[in-house]
Amino acid sequence: KSSSKREKTINYFSKEHSSESNRRFEVEQHLQQALNENRFHVEYQPIVDIQSGKLRSLEALLRLNVDDGPISPGEFIPVAEDTGLILPVGEWVLRAVCRQIGTWRPYMGDNPMPVAVNLASEQMGLKNLSSLVLSAIYDNDLRHSQLQLEVTETSLMKNIDRAIQNMEEILRHGVHFSLDDFGTGYSSLSYLQRLPVTKVKLDRAFIQNIDTNKHDRILAKNIINLCHELNKITVAEGIETQSQLDTLRELGCDLGQGYFFSRPLTTEAINERIISNQLIFP
Ligand code: C2E
Ligand code: MG
Ligand code: MG
Ligand code: MG
């Protein structure tokens with residue numbers, strides 16, 4: 001009796017396992033095809049001044065649509081990381097975004113707004129990361145300050161020394177880094193001081209209950225203050241409600257990003273906003 005039960009359990013798990021690996025294989029095929037056929041695109045989410053709602057920068061977010069509909073980055077980025085496809089995909093994003101920034105340049109006056117690109121762990125380990133980044137900038141005739149890069153603690157951990165070396169070299173050229181998803185990693189506080197990051201982005205998990213949960217609020221308050229002590233700009237991710245926003249304003253957070261202000265937008269939607277000078281969100 002008990003052995004047949006065990007058999008069932010084993011079958012159940014192996015079936016799960018194989019359908020999961022089939023899906024990963026399918027996603028890998030989609031990634032390869034999207035690379036070959038130039039089928040990726042990028043959306044841009046506003047990052048605003050938390051007091052005024054004024055647009056300060058954009059975050060570039062990769063999108064993949066296949067015939068069955070969109071596949072989320074939450075699904076395809078891990079597959080790209082596991083298969084090594086993240087390197088060509090990451091380079092594609094960097095070049096596509098820099099090309100896009102170039103087309104916005106004429107509309108942006110003397111102080112063009114920066115656009116941030118997410119970098120994956122494998123990219124942070126590249127010996128030639130800085131030449132990749134700088135060539136994307138040169139090829140599109142950008143100012144270095146127009147591009148920013150986002151890294152997570154996890155993306156730095158694989159080879160922390162190489163990662164920091166890359167960051168310092170790129171920063172020397174005027175391209176600034178943000179520490180993404182802060183608060184979800186392990187050694188958060190001790191590393192913060194060591195990392196050459198200009199901004200710290202507080203993870204959405206932190207922000208979610210900030211208006212209702214006293215502990216979350218105290219934690220956020222102390223992290224914001226610590227970041228300010230360390231001369232870093234704070235960005236709250238995933239702001240969805242007025243009440244979260246009110247709390248973050250009170251805590252003195254600098255910048256905000258989230259559906260309350262705006263979802264990630266197509267280039268066309270950003271163009272319209274820029275041309276009609278509607279640069280206050282929501
Ligand atoms: P991330 O870099 O932390 O990006 C923020 C994610 O939060 C985005 O999800 C964005 O759409 C979502 N978001 C923004 N505001 C809200 C909100 O108010 N509520 C909720 N529920 N979500 C919000 P997305 O676009 O699905 O991307 C997920 C993750 O995939 C990103 O997290 C990033 O880690 C990764 N990713 C996206 N594009 C790239 C890329 O070009 N390269 C790399 N390496 N990773 C990328
Ligand atoms: Mg990010
Ligand atoms: Mg994030
Ligand atoms: Mg995230």
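Read the numbers this way: they start at 1 and go in the same order the structure lists the ligands and their atoms. Atom set for the values below is all heavy atoms of this structure, side chains included, hydrogens, waters and symmetry mates excluded.
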R194 NZ/CZ over Y191 ring centroid, <6.0 Å and within 45° of normal: no

So, does R63 sit close enough to ligand 1 that a heavy atom of it is under 4.0 Å from the ligand? yes

Element-labelled atoms of ligand 1 that are located less than 4.0 Å from some non-hydrogen atom of P264: 11 (O)

Answer yes or no as to whether an N/O/S atom of T152 is found below 2.8 Å from the Mg ion (ligand 2). no

E150 N/O/S atom closer than 2.8 Å to the Mg ion (ligand 2): yes

Measure the distances from the heavy atoms of E81 to every atom of ligand 1 and state whether one is below 4.0 angstrom. no

Using a strict 4.0 Å cut-off to heavy atoms of D180, name the atoms of ligand 1 that fall inside it. 1 (P), 2 (O), 3 (O)

Does an N or O from Q45, backbone or side chain, lie closer than 3.5 Å to an N or O of ligand 1? yes

How open is the angle at the Mg ion (ligand 3) from atom OD1 of D181 over to atom OD1 of D180, rounded to 10 degrees? 90°

Q244-T247 side chain donor-acceptor pair, cut-off 3.5 Å: no

Ligand-side contact atoms (ligand 1) for residue partner P73, heavy atom cut-off under 4.0 Å: 24 (P), 25 (O), 26 (O), 27 (O), 30 (O), 37 (C)

Candidate list L245, L255, L251, D254, test side chain to side chain contact (heavy atoms under 4.5 Å, CB included), partner I50, passing option: L245

Sub-4.0 Å atoms of ligand 1 with respect to non-hydrogen atoms of E240: 17 (C), 18 (O), 19 (N), 20 (C), 21 (N)

Return yes when G238 approaches ligand 1 closer than 4.0 angstrom through a heavy atom, no otherwise. yes

Got a sec: is E59 within less than 2.8 Å of the Mg ion (ligand 2) via an N/O/S atom? yes

Can you tell me if E59 contacts ligand 1 (heavy atom of the residue under 4.0 Å from the ligand)? yes

Considering both backbone and side-chain atoms of L61, is one of its nitrogen or oxygen atoms within less than 3.5 Å of a nitrogen or oxygen in ligand 1? no

Between H144 and Y138, is the ring centre distance below 6.0 Å? yes

Quick check on contacts: which atoms of ligand 1 are under 4.0 angstrom from a heavy atom of D181? 3 (O)

Which N, O or S atom of E237 lies nearest to the Mg ion (ligand 3), by name: OE2

